[in-house]
Amino acid sequence: MVGAWPVPRWIRSLQRRPKPVLFDALTLQLGYNATLVTIGATLLGMAAGVGGTFLFLRKRALVSDAISHATLPGIGLAFIIMVALGGDGRSLIGLLGGAAVSAGLGLLCVSWLSTRTRLAEDAAIGAVLSVFFGFGVVVLTIIQTMNAGRQAGLEGFLLGSTAGMLRSDAAILAGAAALTLALVLLLRRPLTLAAFDPEYATASGQNVTRNDLAMMGIVLAVTVVGLKIVGLILIVALLIIPPVTARFWTERTDHVVLISGIAGGVSGYVGAAISAAIPDVPTGPIIVLVGFALFALSLLLAPRRGVMSSFLRHRSFQRRVHLRQGLLAMAQSQPIYEGLTLRLLRRADLVRPDGVPTNSGQARAAKAMLDEARWSIVRGDQSYEAAAALYDGLTDIETLLTPDQITEIDGRLAAPSEVPA
Amino acid sequence: MTGSEFVPLSLPPSLIGICVAVACALPGNFLVLRRQALIGDAISHVVLPGIVVAFLISGVVAKLPMLLGAAGAAVVAVAAIELIRRLGKIEPGAAMGVVFTTMFAGGVLLLEKSDTSSVHLDVEHALFGNLESLIWLDATGWSSVFDIDALAGLPVELPRMAITLIGVALFIAIFWRPLKISTFDEGFARTMGMRTGPLGLALVIVSAIAAVAAFDAVGSIIVIAMFICPPAAARLMTNRLETQVAWSVAFAILAAISGYMIAGYGPLWIGFHGSVSAAGMIATMSGVILGIAAVKGPHRQRAT
């Protein structure tokens with residue numbers, strides 16, 4: 001079977017279309033519409049990144065999943081109503097309006113189920129998501145039986161399709177994305193406060209319920225604007241992945257907001273450009289995968305919280321422990337068998353290849369032993385309680401105690417004395 | 001409607017619908033109580049890349065490779081969620097969001113950009129399923145139910161879903177006590193010597209198996225809806241787990257039958273031609289049931 005594996009079409013299409021197209025797309029030279037869509041996707045990504053941060057900090061990231069799936073029946077019903085009123089049903093504003101109404105209804109259902117009944121929020125999210133989406137599919141199948149419904153192209157809202165978009169639609173999306181971004185930036189201070197400490201926010205006169213409502217309003221706006229660009233199944237990724245990415249790089253909220261906005265913007269920009277350059281690629285998945293690439297890089301490379309740095313930290317800790325234990329064993333003239341310890345000692349020139357300690361090795365070992373003896377006095381003395389709490393067997397005692405204190409402790413150590421005859 | 005029409009056209013799909021609904025609702029009871037309700041959502045999204053990869057590797061649209069691919073993808077997803085949660089110290093909801101959206105996006109891209117146009121494999125099918133098409137052409141009437149030759153022509157989804165349902169039910173029955181105790185009081189379960197970690201994982205895997213088997217027949221919406229809606233509605237009816245499971249099974253069957261019937265015959269009753277998506281209608285009915293339970297259920301409030 002492997003021999004008969006055909007070359008996938010996308011590889012062939014890459015061969016046919018060399019780099020310049022992607023370069024043109026990235027420099028916004030692929031036509032007016034593509035440029036508008038790319039700018040719209042960038043702005044949308046930024047708004048989603050910033051808005052999603054508050055959702056993430058409130059630990060309610062998946063509420064957006066319910067909201068986005070709940071748009072489907074609204075889109076379908078808006079189409080039916082517009083056709084019934086004599087239009088052709090494809091007006092973008094009308095469809096997005098319908099989406100906003102049903103998404104708002106879904107949001108109300110989630111909050112009603114999770115506050116007024118005993119159901120937890122995740123069950124409410126799952127219920128609303130599946131039921132609204134299921135009903136949306138029912139509405140879509142009704143549309144398919146209508147005469148006007150055959151070319152409705154409503155499937156484009158599932159995964160996003162920006163190819164062949166009308167100029168006016170592209171302009172609407174870019175404008176709406178800009179508006180959403182402005183709204184998020186305007187509201188970021190009260191939202192930060194509410195995300196971290198709702199009680200304090202209430203006490204200091206903020207209306208937390210209203211703030212939460214504003215946050216959900218932003219999520220709703222991002223979802224509705226993103227429907228045509230990213231699609232309703234994947235818009236949730238744009239709200240979740242950038243904040244999670246940003247969280248790796250910093251511990252400060254304002255920086256998380258900033259980095260998340262940038263990550264979202266870059267995902268939207270690069271994703272929309274790639275999809276404009278390569279034909280037949282739905283925009284949404286590309287944007288999501290670009291966002292995930294940024295996330296994966298952060299997971300691996302971020303300082304402090306990244307995988308690489310925690311691995312390095314772990315290894316340096318391991319080496320310190322081995323070296324210290326090796327020195328203590330050496331001071332007590334015990335043989336050392338453990339491979340890593342021996343290697344470390346040899347590399348630091350503390351033992352000779354045949355296992356005999358060098359002069360500097362003996363000095364370091366004696367110092368380690370002396371420090372242990374000092375520590376055992378420190379830990380036995382109530383007045384050194386604070387210092388004793390810092391004992392970890394690795395830190396040099398000089399960095400924790402003053403020279404005076406060390407002299408005082410040394411005075412208590414049994415001094416070398418004459419051997420009685 | 002006569003038997004000669006009902007048995008070949010409506011009996012197999014509604015039985016498959018019932019099996020799917022119950023097989024998903026049973027583990028769903030525990031998932032809802034453990035606040036893992038969205039696992040079903042995540043699994044049903046990642047099944048798509050699994051199926052596409054299985055198709056690209058095997059080159060055929062066969063059931064077995066696809067089931068294996070989907071199951072493999074579910075395992076990869078669960079592992080990736082755990083990994084990201086631990087490595088990045090990220091809350092589980094967000095980790096889940098990252099993983100399932102990315103895998104779904106990858107699946108869509110693979111599907112769109114590889115030569116699958118010749119075969120019946122597309123995103124809409126994966127989402128909506130096609131319950132109505134699972135008909136039993138060999139049947140002539142009720143007598144066919146006892147006819148060995150005709151029974152051989154049953155859609156393969158029906159026996160497969162029935163076996164899945166039996167397997168899921170057996171798992172729940174055998175591990176009933178440990179599941180119940182660890183769901184309500186994990187610390188107590190551990191002091192009793194139960195291994196709650198592997199048990200929780202087993203529950204997720206059983207749910208994944210149910211989801212993957214059901215997904216092929218009916219699409220992913222119904223799977224998510226059945227994992228959550230019947231158990232959630234049942235949760236509002238009672239305080240006892242045994243009664244809750246019984247209610248959830250009843251609700252699941254009710255949603256499957258009413259949804260299927262309304263989808264097939266509802267449009268005719270109000271004067272339209274054709275029918276609407278059965279999977280979508282079943283999900284909608286389960287939502288209606290949950291809505292009624294949320295308004296009228298005797299135990300809808302939190303205990304005070």
What part of B/Ala279 gets within 4.5 angstrom of chain A, counting heavy atoms only: side chain, backbone, both, or neither? neither
Any idea which of A/Leu299, A/Leu55, A/Leu119, A/Leu113 has the most non-hydrogen atom pairs under 4.5 angstrom with chain B? A/Leu119
Sort A/Leu62 into side chain, backbone, both or neither according to what part of it lies under 4.5 angstrom from a heavy atom of chain B. side chain
Answer with side chain, backbone, both or neither: which region of B/His299 has an atom nearer than 4.5 Å to a non-hydrogen atom of chain A? both
Minimum side-chain heavy-atom gap A/Phe132-A/Leu72 below 4.5 Å: no
Identify which part of A/Thr115 has an atom lying under 4.5 Å from any heavy atom of chain B, answering side chain, backbone, both or neither. backbone
Distance only, no hydrogens: is a donor on one side chain within 3.5 Å (strictly under) of an acceptor on the other, for B/Asn29 and B/Gln244? yes
Applying a strict 4.5 Å limit to non-hydrogen atoms, the region of A/Val307 in contact with chain B is side chain
So which part of B/Met96 gets closer than 4.5 Å to some heavy atom of chain A, the side chain, the backbone, both or neither? side chain
Top of A/Thr141, A/Val131, A/Asp122 for chain B proximity - count of heavy-atom pairs under 4.5 angstrom: A/Asp122
Indicate whether any N or O donor in one side chain lies under 3.5 Å from an N or O acceptor in the other, for B/Arg300 and A/Thr117. no
What part of B/Ile224 gets within 4.5 angstrom of chain A, counting heavy atoms only: side chain, backbone, both, or neither? both
Pair A/Ser298-A/Trp249, side-chain donor/acceptor within less than 3.5 Å: yes
Options B/Leu33, B/Leu31, B/Ile90, ranked by heavy-atom pairs under 4.5 Å with chain A, top entry: B/Ile90
Counting only heavy atoms closer than 4.5 Å, note whether B/Leu290 contacts chain A via side chain, backbone, both or neither. side chain
Taking CZ in A/Arg313 as the centre, count heavy atoms belonging to other residues, nucleotides or ligands within less than 6.0 Å. Is the count above 12? yes
Pick one of side chain, backbone, both or neither for B/Phe227, based on which atoms fall under 4.5 Å of a heavy atom in chain A. neither
Pair B/Ile81, B/Phe100 - check side-chain contact (heavy atoms from CB on, under 4.5 Å), show working. CA-CA 9 Å; B/Ile81 292 172; B/Phe100 81 74; over 6 Å; no
Between A/Thr53 and A/Ser260, does a side-chain hydrogen bond (donor to acceptor under 3.5 Å, both in side chains) hold up when you go through it step by step? CA-CA 7 Å; A/Thr53 306; A/Ser260 171; 3.2 Å; yes
Please work out whether the ring planes of B/Phe104 and B/His45 are parallel, tilted or perpendicular, with thresholds of 30° and 60°. perpendicular
Please identify which of these residues, B/Val108, B/Leu111, B/Leu109, B/Val47, meets the side chain to side chain contact (heavy atoms under 4.5 Å, CB included) condition with B/Val52. B/Leu111
Got a second to check how far A/Ser64's OG is from A/Leu239's CG, nearest 0.5 Å? 5.0 Å
Less than 3.5 Å apart, any donor N or O on the side chain of B/Asn239 or A/Arg118 sitting next to an acceptor on the other? yes
B/Ala94, B/Ser44, B/Gly40: which one forms the most heavy-atom pairs within less than 4.5 Å of chain A? B/Ala94
Which region of A/Arg247, side chain (C-beta onward) or backbone (N, CA, C, O), has a non-hydrogen atom less than 4.5 Å from a non-hydrogen atom of chain B, or is it both or neither? neither
Contact origin within A/Phe56 toward chain B - heavy atom pairs under 4.5 Å: both
Most heavy-atom pairs under 4.5 angstrom with chain B, which of A/Gly306, A/Gly291, A/Ala61, A/Ala123? A/Ala123
By a 4.5 Å heavy-atom criterion (distance strictly below it), what part of A/Leu129 contacts chain B: side chain, backbone, both, or neither? side chain
Which answer fits A/Phe133, side chain, backbone, both or neither, if we ask what part of it has an atom under 4.5 Å from a heavy atom of chain B? both
